[in-house]
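Structure, as structure tokens:
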Amino acid sequence: MPDILIHADAGVTTITLNRVEKKNSFTQAMYATCADALEAAAADATVRVVVFQGDATVFSAGNDIGDFLSNAPNTQDAPVFRFLRAIASFPKPIVAAVCGPAVGIGTTMLFHCDLVYAGDNAAFSMPFVNLGLCPEAASSLLVPQMLGYHRAAEALLLGEPFMAEAALEVGLANRVVPPLEANGIAQLQAHKLAAKPLASLIETKRLLKKGQMEQVLARIDEEAVSFGTMLGQPAAKEAFTAFMEKRKPDFSKV
Ligand code: COA
């Protein structure tokens with residue numbers, strides 16, 4: 001089975017993360033597939049809504065750490081940055097169903113989704129500092145806006161996870177539901193959206209996002225430069241190697 005499944009039905013394109021044995025961690029190939037799917041969905045007048053979903057046990061463990069070591073995305077045209085620009089500027093509504101761990105980009109991509117339905121087992125985390133990295137996906141801009149500065153600092157400096165109820169409280173999730181119902185509820189809401197006039201959906205989303213679209217895209221690029229540099233530095237190498245060797249990282253020398 002492919003790592004990404006794409007299914008179109010009645011105006012709704014559903015993108016399913018399907019690499020459950022590796023906790024749906026994203027390889028560069030998976031970002032490329034998602035970016036291509038978003039670009040195609042944006043251009044296709046028969047598509048009105050996109051849904052991102054994972055499994056009832058896991059949304060995504062973020063970037064594949066082996067891929068970070070062997071295939072580091074250190075140029076702006078790397079698939080991950082193409083995916084981020086595509087999701088941030090996607091003109092039609094995006095609905096997400098999120099259960100279990102949502103790590104790194106598994107959380108930051110949600111800041112670019114319009115409706116988010118979280119399983120009560122959802123655990124959101126952005127442990128970039130713990131990996132010797134820095135925020136991506138404009139999360140350095142969007143997380144403090146949504147969570148407030150101090151909770152953002154806890155999430156981004158300490159890299160501490162927060163659970164579904166906290167996501168609901170700050171507005172990152174629309175509703176918390178039993179994990180086995182999350183994908184179904186996302187589909188229901190997506191089909192409600194798909195029954196509405198496309199031009200109104202697009203214009204409403206454009207107006208909602210207009211206030212800071214330019215800053216968001218500029219921040220994605222600025223973060224990508226730092227992120228790309230940090231990927232090659234000793235702290236990140238130690239963090240990735242430690243993960244692969246199933247041990248705690250030792251940052252005492254970096
Ligand atoms: N990259 C590569 N492989 C990953 C991965 C990742 N981001 N996350 C999980 N995996 C792999 C594990 O290495 C393991 O592979 P194995 O069976 O060959 O040993 C498999 O997926 C299952 O993961 P495991 O850690 O045993 O599952 P868990 O349920 O105990 O924990 C997580 C789930 C998501 C909490 C944990 O896997 C994790 O913290 N992953 C790393 C998250 C991360 O730092 N991502 C980068 C963000 S930028």
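Atom set for the values below is all heavy atoms of this structure, side chains included, hydrogens, waters and symmetry mates excluded. Each ligand, and each atom within it, is numbered from 1 in the order the structure gives.
In this structure, the protein non-hydrogen atom closest to atom 7 (N) of ligand 1 is N63 O, 3.0 Å. Closest to atom 6 (C) of ligand 1 among all protein heavy atoms lies S25 CB, 3.5 Å. K23 CG, 3.6 Å is the protein heavy atom nearest to atom 23 (O) of ligand 1. In this structure, the protein non-hydrogen atom closest to atom 12 (C) of ligand 1 is F243 CZ, 4.2 Å.
Ring pair F227/F68 is tilted by interplanar angle, where 30° to 60° counts as tilted.
Counting heavy atoms of neighbouring residues, nucleotides and ligands inside a 6.0 Å radius, atom CD of E222 does not exceed 12 of them. Open room surrounds CD on E214; 12 or fewer heavy atoms of other groups in view lie less than 6.0 Å from it.
Contact atoms of ligand 1 toward V103: 42 (C), 43 (C), 45 (N), 47 (C) (distance under 4.0 Å to a heavy atom of the residue). For ligand 1, the atoms closer than 4.0 angstrom to any heavy atom of L131 are 44 (O), 46 (C), 47 (C), 48 (S).
Using a cut-off of 4.0 Å between Lys/Arg side-chain N and Asp/Glu carboxylate O, D64 and K22 are scored as not salt-bridged. Salt-bridge annotation for D114 and K92: absent, with no side-chain N of the basic residue lying under 4.0 Å from a carboxylate O of the acidic one. Under a 4.0 Å N-O distance rule, the pair R151/E154 does not qualify as a salt bridge.
Counting protein heavy atoms under 4.0 angstrom from atom 26 (O) of ligand 1 gives zero. Proximity of atom 30 (O) of ligand 1 to the protein is not indicated, since no non-hydrogen protein atom lies closer than 4.0 angstrom. For atom 39 (O) of ligand 1, the protein comes within 4.0 Å by no heavy atom at all. In this structure, atom 1 (N) of ligand 1 has protein heavy atoms in its sub-4.0 angstrom surroundings. Closer than 4.0 Å to atom 36 (C) of ligand 1 lies none of the heavy atoms of the protein.
Ligand 1 lies less than 4.0 angstrom from a heavy atom belonging to E21.
Applying the side chain to side chain donor-acceptor pair (under 3.5 Å) criterion to N130, with sequence neighbours excluded, gives no partner residue. In terms of the salt bridge (Lys or Arg N to Asp or Glu O under 4.0 Å) criterion, D67 has no residue partners (sequence neighbours excluded).
Across A61, G104, P161, P101, heavy-atom proximity to atom 43 (C) of ligand 1 is greatest for A61. In the candidate list R19, K246, K22, K22 is nearest to atom 15 (O) of ligand 1, counting heavy atoms.
Atom CZ of F111 and atom OG of S139 lie 7.5 Å apart (nearest 0.5 Å).
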